[in-house]
Amino acid sequence: MAVPQVDKKMLGELEVMGFPAVRSIRALHYSGNSNLESAINWLLEHESDPDIDQLPLVSREISIECGDTSSEVRNSVQGMRTHAQARKPEEQTTAGSQKETSEVERELNANEHEEEDRKRVLALHKSKRDEEEKARGRIRNQLQEDKRERIQAAKDVMEAKRTLEENQRKRMMESRKAEQEEEKRARERIRQRIEDDKAERRRGLGLPRENTVASAPIVTLAKVKPIEPVVTSEQLRDCLRTLKKNHKDDNARVKKAFQILLKIVANIVKNPEEERFRRIRLSNPVFKDRVGNLQGGVEFLELCGFQKLRNNSYLVMPRGKADVALLNAAGVEIASAMENPYFGLLSK
């Protein structure tokens, strides 16, 4: 038995690719020693064979000549040998020429197969590199899109905060102006009361009425509209923090409550005149389970402008009382509480 002969160039190519020599010889032998691709396919299909790391053996051809004692046979053999020797130079020349031609053809075919194999390998590598580059491009685009979204979200939050602060300043100025007007009216009332007392005392003493160059103007008391308390972002944040702390062991329920509150606020901001968004039935099973039964849920809505009816059956925001700036601030605080996993847990 002997090791089969294989193409040394293809054997070298397989070893360069990382395949063991024994496996490469076995693959070339059983794939017909035809081309590199067939050998690679055979290796991939038979890599789990138990004898994959054993050299294949083939039988060696042995010719045995037997002598003939018959003179007739010897003469016949001698004649055949003479005839063969006469034709041998011509046959050798023809055989040599055919052998050289077949070797050249095999070498050309082998070179063509090698070139095709190299082209296929290069095409595979190029395709793989193109796919990797496309994947990296998609990842870069996704990262850039995420970055743009984060920047836009930060801008929206900052704009909402600026709007809230501006509205708070306006409300404080209006409140201060109303207080000043009320103080002015109170001083006028006191002055008028003093003048009335003086006139009453003069009449009691029988004195004539005091002549004044200009009588004090009569102030008509107008009904003063009560000043509504200003709700701050800190109050909204404290209410949400209380809700989170009271139910810190049930994060899923707190998250659902925040989602319901955010939806209520967003609906009113988008449709402030729509009555169905400004009226909440407290006995509604969904609202009661997700918000009403949680301490701080109804209180947060009251800070946003909702009012309880006398029978405590509904929460209602009166028509024209929807403060869009306050509702925007409430939405910002709810979104911040939902995004911050430590919200309400680190504060005392």
Side-chain angles (χ1 to χ4, degrees), residues 156-179 182 222-247 253-339 343-344:
D156 293 341
V157 171
M158 290 177 65
E159 184 64 27
K161 287 183 177 180
R162 281 196 296 269
T163 304
L164 174 63
E165 292 172 356
E166 183 65 25
N167 291 330
Q168 287 178 348
R169 282 194 296 270
K170 289 180 180 179
R171 285 196 295 270
M172 290 177 66
M173 292 175 64
E174 292 174 356
S175 176
R176 192 175 299 113
K177 184 178 179 180
E179 289 175 358
E182 178 63 23
K223 186 177 180 181
V224 179
K225 183 179 178 181
I227 301 172
E228 297 181 358
V230 177
V231 179
T232 64
S233 296
E234 187 61 31
Q235 290 176 292
L236 296 170
R237 196 178 303 117
D238 287 340
C239 189
L240 293 175
R241 192 179 292 119
T242 301
L243 191 152
K244 180 70 176 288
K245 289 174 67 176
N246 289 334
H247 306 279
R253 193 176 183 188
V254 172
K255 184 177 180 180
K256 288 180 180 179
F258 285 169
Q259 290 173 346
I260 293 294
L261 292 173
L262 184 60
K263 186 176 181 180
I264 292 171
V265 170
N267 284 338
I268 298 176
V269 171
K270 293 177 182 178
N271 305 279
E273 300 299 326
E274 189 70 32
E275 184 178 358
R276 62 192 179 95
F277 294 140
R278 294 183 287 102
R279 186 179 180 90
I280 301 173
R281 183 163 56 89
L282 293 174
S283 59
N284 183 289
V286 176
F287 176 82
K288 188 175 180 181
D289 177 62
R290 297 186 180 181
V291 178
N293 291 337
L294 274 68
Q295 183 179 355
V298 176
E299 290 80 357
F300 183 83
L301 291 174
E302 289 177 336
L303 287 175
C304 292
F306 280 91
Q307 299 175 4
K308 278 186 181 180
L309 296 181
R310 291 183 179 179
N311 55 4
N312 289 333
S313 60
Y314 284 91
L315 277 175
V316 178
M317 181 176 290
R319 183 183 298 275
K321 296 291 185 180
D323 189 340
V324 177
L326 176 60
L327 293 173
N328 280 328
V332 170
E333 295 300 332
I334 296 171
S336 176
M338 293 174 66
E339 293 173 359
F343 178 81

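Note that these values count all heavy atoms, side chains included, but never hydrogens, waters or copies made by symmetry.
Counting only residues at least two apart or in different chains, side chain to side chain donor-acceptor pair (under 3.5 Å) contacts with residues 257-271 are absent.
Rounding to the nearest 0.5 angstrom, the gap separating the NZ atom in K308 from the CG atom in L315 is 6.5 Å. Here K161 contributes atom NZ and S233 contributes atom OG; the two are 8.5 Å apart, rounded to the nearest 0.5 Å. Atom CD1 of I268 is separated from atom NZ of K321 by 15.0 Å, given to the nearest 0.5 angstrom. Distance check, rounded to the nearest 0.5 Å: CZ of R169 to CG of L164 gives 10.0 Å. With rounding to the nearest 0.5 Å, the separation of OG1 in T242 from NZ in K244 is 12.5 Å. Note: L261 CG to C304 SG = 8.0 Å, rounded to the nearest 0.5 Å.
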Please set out all donor-acceptor pairs under 3.5 angstrom arising from side-chain atoms of residues 322-336, sequence neighbours excluded.
from	atom 1	to	atom 2	distance (Å)
D323	OD1	A325	N	3.2
D323	OD1	L326	N	3.3
D323	OD2	R171	NH1	3.1
N328	ND2	V324	O	3.3
E333	OE1	R237	NE	3.0
E333	OE2	R237	NH2	3.0

Show which side-chain atoms of residues 284-302 pair as donor or acceptor with protein atoms under 3.5 Å away, not counting sequence neighbours.
from	atom 1	to	atom 2	distance (Å)
N284	OD1	V286	N	3.0
N284	OD1	F287	N	3.2
N293	ND2	K288	O	3.1
Q295	OE1	N246	ND2	3.3
E299	OE1	G296	N	3.1

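Between F306 and F277, the shortest heavy-atom distance links the atoms CZ-O, 4.1 Å. Minimum heavy-atom separation, F258 to M338: CB-CG, 3.6 Å.
With Q235 contributing its side chain and T232 its backbone, the two residues share a donor-acceptor pair below 3.5 Å.
Between Q307 and V316 the shortest side-chain heavy-atom distance does not fall below 4.5 Å.
For the pair E275 and R278, the salt-bridge criterion is not met [side-chain N within less than 4.0 Å of a carboxylate O]. In this structure, E179 does not pair ionically with R176, as no charged nitrogen and carboxylate oxygen lie closer than 4.0 Å.
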